[in-house]
Number of protein chains: 2
Amino acid sequence: MSSPRKRAATIRDVAQAAKVSTATVSKFVNGGQRFTAEVEARITQAVRELGYSLNPMARGMITGRTGNVGVVILDIRNPYFTSLVSGAARVAAAAGLNLIIADAAESTSPELGVLQSLVRRVDGLVVSARLPAAAIQGVVDSGTPVVFFGRPSPYAQHASVGCDNHQAGLMLGRHLRDLGHRRITYLGFSGARWSADRERGLREAFQGVKASVRTVDAPAPSTEEGERLASSLLLSPERGDAIVAYNDLLAMGLLLEAKSLGIAVPEAVSVAAFDNIAYGRLVSPALTSVDMMGEATGELAMRRLIGAIHGQDVASQENVIPPRVVARDSTRSIVKGKHLARSA
Amino acid sequence: MSSPRKRAATIRDVAQAAKVSTATVSKFVNGGQRFTAEVEARITQAVRELGYSLNPMARGMITGRTGNVGVVILDIRNPYFTSLVSGAARVAAAAGLNLIIADAAESTSPELGVLQSLVRRVDGLVVSARLPAAAIQGVVDSGTPVVFFGRPSPYAQHASVGCDNHQAGLMLGRHLRDLGHRRITYLGFSGARWSADRERGLREAFQGVKASVRTVDAPAPSTEEGERLASSLLLSPERGDAIVAYNDLLAMGLLLEAKSLGIAVPEAVSVAAFDNIAYGRLVSPALTSVDMMGEATGELAMRRLIGAIHGQDVASQENVIPPRVVARDSTRSIVKGKHLARSA
DNA sequence: TTGTAAGCGTTATCAA
DNA sequence: TTGATAACGCTTACAA
C-alpha cells in the first residue's frame with residue numbers, strides 16, 4: 001500500500017505544514033516546551049499527516065547521544081549469558097535504549113575493530129570481565145561509560161556487577177564438605193579468569209580438614225567437552241567423591257556420559273557446578289549448582305550503566321550480588337549414618 | 001591513564017595535523033582513493049596520533065546508512081531464538097554490521113514505540129513472522145528492508161526464511177505413524193500462528209489411516225506450562241499413544257513431570273516436539289524433535305537482509321530450509337512384532 | 001592529485 | 001510564546 005523508500009519527512013516539512021519554525025517543532029516534539037493550543041494542534045496534525053519521526057542520527061550529532069547501549073558477551077548460546085542479556089534488555093527497553101549485542105565468540109579478534117566500532121555507536125557498554133585484557137583496555141581507554149559484569153573486578157575505577165566467583169566457589173565447597181565429601185576433582189576452564197577464582201574458593205572450603213582437591217582443565221566450557229572428558233574423569237582412580245565443574249554445561253555433559261558409562265550419580269560420585277542455568281533441573285539427576293544470578297546481574301549492570309551515563313559514580317555503589325547454592329539430586333550426603341533427603 | 005570524556009578528534013583535526021583538506025582525509029580513510037605516498041603517510045600518522053575514528057552518526061546523516069541491523073524476536077531465553085540470533089550475529093559481524101536485538105517479550109506493546117524507534121536506527125530488520133499483525137504492518141509500511149523468519153510467509157512480497165511449519169508437522173506425523181501410533185494428543189500453543197500450521201501437517205500425516213488427533217492448548221510455550229499440564233494430559237484416558245508438543249520446552253516439562261507421575265516414556269507413551277534445541281538430547285529420555293534449523297535460519301535471513309539492503313529482490317530467492325526429524329529415545333515403535341532399536 | 005563548499009536533519013542559543 | 005541561525009562531523013559534487 002505505502003510506497004517504500006519514500007524520502008522520510010523532516011522537521012522542516014513539519015514546520016512548513018504547520019506554519020511554524022523548525023525550532024518550535026523541535027521543542028514541542030521533545031516535550032520541552034508548551035505552546036498555544038492552536039500551534040500545538042497544527043504541529044500535531046502535521047506530524048500525523050506526514051508520518052514524521054525524527055532522525056536519531058541528526059539528533060545524535062548534536063546531543064552526542066546515540067540512544068543505544070551495548071552488551072559484550074562471550075557466547076550468546078550459553079544460557080548464562082542469555083539470562084544476562086535478557087535482564088539487561090528489560091532495563092534498557094524501560095529506559096528507551098536500544099540494545100546492541102556483540103558476541104565476542106563470533107569475532108576472531110575482539111580487541112580490534114568490532115569493539116572500537118561499537119564504542120562510537122553506543123552511549124555506554126556492559127562488558128564481560130572475562131574479555132581479553134587488551135580488549136578491555138581498549139574500551140576503558142575510549143572513555144565510554146562502561147560497567148563490567150563478573151567479579152572480582154578487573155578495573156577498580158569501574159563498576160563490576162555480579163556474584164563474586166571466589167565466594168561462589170567457597171559456598172559450593174562448604175556445601176560439599178558438609179555433605180561429607182573429601183576428595184574433590186575440579187573440572188576447570190583455564191580460558192576463563194573466573195575459573196581460578198572459583199577453584200580458589202573451593203579449595204579454601206577444605207582448609208583445615210583432611211581433604212584433596214585435584215584440578216583438570218577443559219579446553220572449552222561446553223557440554224560436548226564434558227562428554228568427551230567424562231570417561232577419563234569418571235573412570236580414573238583419582239576421581240574422588242565429587243566432581244565440580246566450572247559451569248553447568250560441562251557438568252551436564254558429564255552427567256549424560258556417566259549414564260552411558262554406567263556410573264551412578266550421585267551414588268557413586270556427586271556432581272555439581274556453577275551458573276544454575278534453567279536446564280540443570282531438567283536433566284537427571286537434577287544438577288546441583290551455584291546460581292550466579294545471570295538475569296539479576298544483567299539488570300543491575302544495565303541500571304548501573306545508565307547511572308554512569310548520567311554521570312553518577314557507580315563504581316562505589318553496591319554491585320555485589322550474593323550467589324546461592326541450589327542443591328538438587330546430583331549431590332548427596334555421604335556422612336556416615338546420615339542420609340540427607342533430597343527431592344526434585 | 002587516559003583522560004575520559006575527552007572530545008574526540010574529528011576529521012578536521014586530522015586534516016589540519018596532516019596539512020591536507022578534510023575531503024582528502026575522507027577519501028583516504030574510506031579507501032576510495034589513493035594519494036601520493038607522502039600525503040598518505042601524513043594522514044596515517046595524524047590518524048594514529050590523534051586516535052581518530054570517524055563519527056558514524058555524521059556519516060550516517062549523509063549516506064543514510066546506520067551500520068546497524070535489527071533482529072526482532074519473541075523471547076531471547078528460548079534457545080530456538082538464541083540459535084537464530086547466533087546465526088544472524090555471525091553473518092552481520094562478517095559484514096561489519098552491528099546487531100540490535102529487540103525482545104518483543106520485554107515490551108508490553110511491541111507494535112508501538114519500540115519498533116518504530118528501531119526502524120530509524122537500522123538499515124534493515126529480521127523480524128519474527130510470529131509477531132502481532134499490527135507490528136508487522138508497521139514495519140512493512142515503514143519501507144525499511146525487512147526479512148521475516150518462519151514459514152509460511154505472512155507477506156508474499158517480502159522474503160520469509162526458515163522451515164515450513166506445515167511440512168515439519170507432516171514429517172513428525174509420518175514418523176509417528178510409521179512407528180505405529182494412532183491416537184495422538186497435540187499440545188499446541190494457539191498464541192503462535194506456527195502452532196496451527198504444525199498441527200495441520202500432523203493431522204495430514206494420519207489422513208487415510210484410522211487415527212485420531214486431539215488438541216489441547218497451552219497458555220504459554222514454556223517448560224513450566226509443560227509441567228503444569230502434565231498430569232491432566234498424561235493421566236487422561238484420552239491420552240493416546242503419543243503426545244506431540246508445540247515446542248521442546250513444553251515437551252521437556254512434560255518429560256520431567258512424567259517421571260514424578262511414574263509414567264514411563266516412551267514405554268507408556270511417546271513424546272515428541274519441535275525445534276530440536278540443544279538441551280533436548282540431555283534430558284532422559286532424550287527428546288525426539290523436529291529440527292527447525294534456528295541457526296541456519298538466522299544465517300540465511302541475515303544474508304537475505306543484506307541482499308535486500310543492497311537492492312536485491314530476495315523474496316524470489318530460495319528461502320525455504322528443510323526441517324529434519326531427529327529421532328531419539330522419547331518415541332518408540334509400537335508396531336506389532338517389531339521393535340525398532342534406538343540409541344542415544 | 002587535491003581542495004572548496006554545500007549540505008544532511010537536528011538542537012540550542014539568542015533575539016524578537 | 002515563537003523564530004533565525006549557527007553549529008554538529010561528515011561526504012560528495014565540482015573545481016582547480
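Heavy-atom basis, side chains included; hydrogens, waters and symmetry copies ignored. The chains referred to below are lettered A, B, ... by the order of the sequence lines, with proteins before strands, and numbering in each begins at 1.
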(request) Mark up nucleotides 7-12 of chain D, 5' to 3', with B wherever a protein heavy atom is under 4.0 angstrom from a base atom, S wherever such an atom reaches only the sugar-phosphate, and - elsewhere. (result) BBBBBB
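Residues passing the side chain to side chain donor-acceptor pair (under 3.5 Å) test with B:Thr36: none are found, sequence neighbours excluded. Under the side chain to side chain donor-acceptor pair (under 3.5 Å) criterion, A:Ser83 pairs with no residue at all, not counting sequence neighbours. Considering only residues two or more places apart in sequence or on other chains, B:Glu40 meets the salt bridge (Lys or Arg N to Asp or Glu O under 4.0 Å) condition with B:Arg34. Remark: B:Arg42 engages B:Glu38 in a salt bridge (Lys or Arg N to Asp or Glu O under 4.0 Å) (not counting sequence neighbours). Annotation: side chain to side chain donor-acceptor pair (under 3.5 Å) contacts of B:Arg151 (sequence neighbours excluded): none. For the salt bridge (Lys or Arg N to Asp or Glu O under 4.0 Å) test, residues two or more places apart in sequence or in another chain that qualify with A:Arg303 are A:Glu299. Scored by the side chain to side chain donor-acceptor pair (under 3.5 Å) test, A:Gln33 finds no partners at all (sequence neighbours excluded).
Every stem involving DNA chain C, taken as at least 3 paired positions in a row under the Watson-Crick or G-U wobble test at 3.5 Å, is listed here: C:1-16 with D:1-16.
Across all their heavy atoms, A:Gln317 and A:Gln312 have their closest contact at NE2-OE1, 3.3 Å.
Using a 4.0 Å cutoff on non-hydrogen atoms, the parts of residues 35-43 of chain A near DNA chain D are A:Phe35, A:Thr36, A:Val39, ordered by number.
Read 5' to 3', the first and last nucleotides of DNA chain C with an atom closer than 4.0 Å to a heavy atom of chain B are C:dT1 to C:dG9.
Applying the salt bridge (charged side-chain N to carboxylate O under 4.0 Å, His left out) definition to pairs two or more places apart or across chains, those involving residues 12-29 of chain A are A:Arg7-A:Asp13.
Side-chain contact of A:Thr82 with B:Arg77: a donor-acceptor pair under 3.5 Å is absent, judged by distance alone.
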(request) Any chance you could lay out the side chain to side chain donor-acceptor pair (under 3.5 Å) test for B:Gln137 and B:Tyr155, step after step, and finish with the verdict? (result) CA-CA 9 Å; B:Gln137 190 63 51; B:Tyr155 284 81; 2.6 Å; yes
(message) What verdict does the side chain to side chain donor-acceptor pair (under 3.5 Å) test give for B:Arg121 and A:Asn98, after you've listed the backbone C-alpha separation in whole Å, the side-chain angles of each residue and the deciding distance to 0.1 Å?
(response) CA-CA 9 Å; B:Arg121 298 172 177 284; A:Asn98 295 96; 3.0 Å; yes
